[in-house]
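I have placed the structure first, in the form of structure tokens, so that the comments after it can refer back to it.
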Amino acid sequence: MGTSRGAENGFFERVYELVRAIPRGRVATYGQVARLLGLTRGARAVGWALRGLPRREERSVPWHRVVGAGGRVSPRAGPGPLLQRRRLVKEGVRFVRGRVDMGRHGAFS
DNA sequence: ACTTTGACTTGCA
DNA sequence: ATGCAAGCCAAAG
């Protein structure tokens, strides 16, 4: 295992692992995830990672709990921003003027 | 090794 | 509030 580098050391996997830790009804921003991984300005890279989320892992990684700065749902989010929003609302996440109320639902606020 | 690509963010007009 | 430019970062071509 030492020499072979699989998904366990890749940036993508680190992102997925962190996103898996976001509790139901809570959300985190791309920027927050990036910083928790040591990249102060790596929000974009996090988006890239989630975009590459294998269909197989869609069930185990709550991608819908990751939103843009200020609680905005990205227009280009996964299968569709509507689905993401629906899932969040279903979990009891409150939207204020079209944005997630981060003060109330931010997993790392 | 260089270029392109994005589920991003911030700042400024 | 709306729009756009620039900065940032990892992966893929």
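So you know, we letter chains A, B, ... as the sequences are listed, proteins then strands, and number each from 1. These numbers come from the heavy atoms of this one structure, side chains and all, not from hydrogens, waters or symmetry mates.
Remark on DNA chain C: of its neighbouring residues A:Arg97 and A:Gly42, the 5'-side contact belongs to A:Arg97, judged by nearest-heavy-atom nucleotide.
Atoms CZ (A:Phe12) and P (C:dC9) sit 16 Å apart, rounded to a whole Å. As a whole-Å value, the separation of A:Gln84 CD from B:dC8 C1' is 13 Å. The CD-C1' distance, from A:Glu57 to B:dA7, rounds to 17 Å in whole Å. Rounded to whole Å, the distance from CZ on A:Arg72 to P on B:dT9 is 9 Å. Here the P atom of nucleotide B:dC8 and the CZ atom of A:Phe11 are 13 Å apart, to the nearest Å. A straight line from CG of A:Leu36 to C1' of B:dC8 spans 16 Å, rounded to a whole angstrom. Between A:Arg44 atom CZ and B:dT4 atom P there is a gap of 14 Å when expressed in whole angstrom units. If you measure from atom CG of A:Leu50 to atom C1' of C:dC9, you get 14 Å, rounded to the nearest angstrom.
Under the 3.5 Å distance criterion, the side-chain polar atoms of A:Glu13 are left unmatched by any main-chain donor or acceptor of A:Gly10. With A:Arg65 contributing its side chain and A:Ile22 its backbone, the two residues share a donor-acceptor pair below 3.5 Å.
Nearest nucleotide to the side chain of A:Ala43, out of B:dT9, C:dA10, C:dC8: B:dT9. Nearest nucleotide to the A:Arg41 side chain, out of B:dT9, C:dC9, C:dG7: C:dC9. When distances run from any side-chain atom of A:Tyr30 to the nucleotides C:dA10, C:dA1, B:dT9, the shortest one goes to B:dT9. Comparing C:dC8, B:dT10, C:dA1 by their nearest atom to the side chain of A:Ala69 picks out B:dT10. Set against C:dC8, B:dT5, B:dA7, the side chain of A:Trp48 has B:dT5 as its closest nucleotide.
Taking side-chain N and O atoms only, A:Arg51 has a distance below 4.0 Å to OP1 or OP2 of B:dA7. Close to B:dC8, at under 4.0 Å from its OP1 or OP2, lies a side-chain N or O of A:Ser74.
Between A:Arg55 and A:Glu58, at least one side-chain nitrogen of the basic residue sits less than 4.0 Å from a carboxylate oxygen of the acidic one, meeting the salt-bridge criterion.
The shortest heavy-atom contact between A:Pro62 and A:Val19 is CG-O, 3.3 Å.
Residue-to-nucleotide contacts include no donor-acceptor pair under 3.5 Å from the side chain of A:Arg76 to the base of B:dG6.
Donor-acceptor pairing under 3.5 Å is lacking for the side chains of A:Glu91 and A:His105.
Base engagement by A:Gly78 is indicated by at least one non-hydrogen atom pair under 4.0 Å involving a base atom. Residue-level contact check: A:Leu39 touches the backbone only, with heavy atoms under 4.0 Å from sugar-phosphate atoms and none from bases.
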